[in-house]
Amino acid sequence: MKPLFIAFEGIDGSGKSSQVKLLAEKLTSDGHKVYTTFEPTDNPIGKMIRSVFSHKMVADEKTIAGLFLADRFEHLLNQTDGIIKKLAEGYTVITDRYYLSSYAYHGVHMPVEWVIEANRLCAELKRPDVNIFIDITPEISMERIAQNRANVELYETLENQKKVYAKYKEAIELVKNQEIIKLFDGTKSIEDLGSDIYQYVKQLNSISY
Ligand code: ADP
Ligand code: TYD
């Protein structure tokens, strides 16, 4: 069985983390080796990014885009638990965010084509077998964030989420010939959405059940 590389995408609060966890549990109980991961990472560059998001550090939007690119290279290539190493070890890797997030979030501040070009080497190193986009309106996602977060992070305003959502849709159109992107209805319950995603992943050719 070929291990899969699955990227979850969506605006903040769309339900990615919940679905990464559910899918990992289902695939693991089917007997697959599963490794879950996320961006920004826990590596030093990811930590620097998080300090910008929590307002402990200030950085220009272009700097932030550059930090995410460096964090992604480290995520892919680090020798301890990088994505490429984990896939080679036979793990199906599920990541909470990958380069589509950069297209959407940084595309708000600079030309999206530039962001796509800057990430080209990442795509060449490892393109997801599927990008799972959890589709939810910015209004609903902001309601969820308001209910669940004590602190509002840098990009978590309704105005910005609307821009990011529009950029996601624009970027999906731009890269649809290079990427496999599957949209799911994020307004379903966690369980129903989880079973839609699981059914989809199960029928992907490269996983044999
Ligand atoms: P993300 O990782 O995209 O920010 P989370 O999975 O952390 O999203 O979900 C954000 C909040 O919304 C959490 O409190 C979670 O319990 C809730 N949530 C997630 N998925 C759903 C859903 N399908 N329906 C209702 N609430 C959800
Ligand atoms: P994350 O912790 O996944 O937030 P959430 O759980 O709310 O979705 O991501 C933190 C923030 O990082 C989120 O606002 C999106 C942003 N981000 C970028 O701006 N560029 C990127 O390339 C990535 C991967 C994330």
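The residues of the chain are indexed from 1 along the displayed sequence. Both ligands and their constituent atoms are indexed starting at 1 by order of listing. No experiment lies behind these values; they were computed from the predicted model shown.
Protein heavy atom closest to atom 14 (O) of ligand 2, with residue, atom name and distance, is D12 OD2, 2.8 Å. Of the protein's heavy atoms, S102 OG, 2.5 Å lies nearest to atom 22 (O) of ligand 2. With respect to atom 12 (O) of ligand 2, the closest heavy atom belonging to the protein is F53 CE1, 3.3 Å. In terms of protein heavy atoms, atom 23 (N) of ligand 1 is closest to K188 O, 2.8 Å. The nearest protein atom to atom 16 (O) of ligand 1, hydrogens excluded, is given as I190 CD1, 4.2 Å; this is a heavy-atom distance. Among protein heavy atoms, the minimum distance from atom 20 (N) of ligand 2 is reached at H106 NE2, 2.9 Å. Residue, atom and distance of the protein heavy atom nearest to atom 24 (N) of ligand 1 are R144 NH2, 3.2 Å. Considering only non-hydrogen protein atoms, atom 4 (O) of ligand 1 sits nearest to G13 N, 3.0 Å. The closest protein non-hydrogen atom to atom 3 (O) of ligand 1 is K16 NZ, 2.6 Å. Nearest to atom 6 (O) of ligand 1 among the protein's heavy atoms is S18 OG, 2.5 Å. At the top of the distance list for atom 10 (C) of ligand 2, counting protein heavy atoms only, stands P40 CD, 3.9 Å. Of the protein's heavy atoms, R149 NH2, 3.8 Å lies nearest to atom 6 (O) of ligand 2. Counting protein heavy atoms only, atom 7 (O) of ligand 1 is closest to S17 OG, 3.6 Å.
Residue nearest to atom 21 (C) of ligand 2, selected from F68, F38, F8: F68 (by heavy-atom distance). Counting only non-hydrogen atoms, the option in R72, R97, H75 that gets closest to atom 8 (O) of ligand 2 is R97.
Here is the list of ligand 2 atoms found below 4.0 Å of a heavy atom in K16: 8 (O). The G15 neighbourhood of ligand 1 comprises atoms 1 (P), 3 (O), 5 (P), 6 (O), 8 (O), 9 (O), 19 (C), 20 (N), with distances under 4.0 Å to a heavy atom of that residue. Numbered from 1 in the order shown, with element, the atoms of ligand 1 that lie under 4.0 Å from a heavy atom of N148 read 11 (C), 13 (C), 14 (O). The S189 neighbourhood of ligand 1 comprises atoms 23 (N), with distances under 4.0 Å to a heavy atom of that residue. Interface atoms of ligand 2 facing E156, defined by a heavy-atom separation under 4.0 Å, are 7 (O).
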Checklist entry - Could you walk me through whether D129 and K2 pass the salt bridge (charged side-chain N to carboxylate O under 4.0 Å, His left out) check? => result CA-CA 11 Å; D129 292 292; K2 180 179 166 279; 3.2 Å; yes
Next on the checklist: For a side chain to side chain contact (heavy atoms under 4.5 Å, CB included) check, start with the C-alpha distance between N43 and I45, then their side-chain angles and the critical distance, and finish with the verdict.
Outcome noted: CA-CA 6 Å; N43 293 319; I45 303 163; 5.6 Å; no
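Side-chain contact between Q178 and R127: present, with at least one pair of heavy atoms (C-beta onward) separated by less than 4.5 Å. Using a 4.5 Å cut-off on side-chain heavy atoms (C-beta onward), S102 and L69 make no contact. At least one side-chain heavy atom of F5 sits under 4.5 Å from a side-chain heavy atom of T95. Looking at Y198 and L27, their side chains come closer than 4.5 Å, going by heavy atoms from C-beta outward. Using a 4.5 Å heavy-atom threshold, the side chains of H109 and I64 count as separate.
Relative to the six-membered ring of F8, K16 misses at least one condition, a distance below 6.0 Å or an angle of at most 45° to the axis. Remark: K182 qualifies as a cation-pi partner of F184 under the 6.0 Å distance and 45° angle criteria applied to the six-membered ring.
Around CD of Q199, the count of heavy atoms belonging to other residues, nucleotides or ligands within 6.0 Å exceeds 12. Around the NZ atom of K169, the shell of radius 6.0 Å holds more than 12 heavy atoms that belong to other residues, nucleotides or ligands.
With a 4.0 Å heavy-atom cut-off, ligand 2 is reached by no atom of A65. Heavy atoms of R50 found under 4.0 angstrom from ligand 2 belong exclusively to the side chain. Residue-level proximity to ligand 1 for Q147 is absent, since no heavy atom of it falls below 4.0 angstrom.
Within the 4.0 Å heavy-atom cutoff, S14 counts among the residues contacting ligand 1.
In this structure, CG on L67 lies 10.5 Å from CG on D60, to the nearest 0.5 angstrom. From M142, atom CE reaches atom CD of E156 across 6.5 Å, with rounding to the nearest 0.5 Å.
The shortest N/O to N/O separation between S17 and ligand 2 does not fall below 3.5 Å. Geometrically, ligand 2 and Y105 share no nitrogen or oxygen pair separated by less than 3.5 Å.
Ring geometry for Y165 against F133 counts as tilted: the plane angle lies between 30° and 60°, on a 0 to 90° scale.
Under the 6.0 Å cut-off for aromatic ring centres, F68 and Y105 do not qualify, their centroids lying 6.0 Å or more apart.
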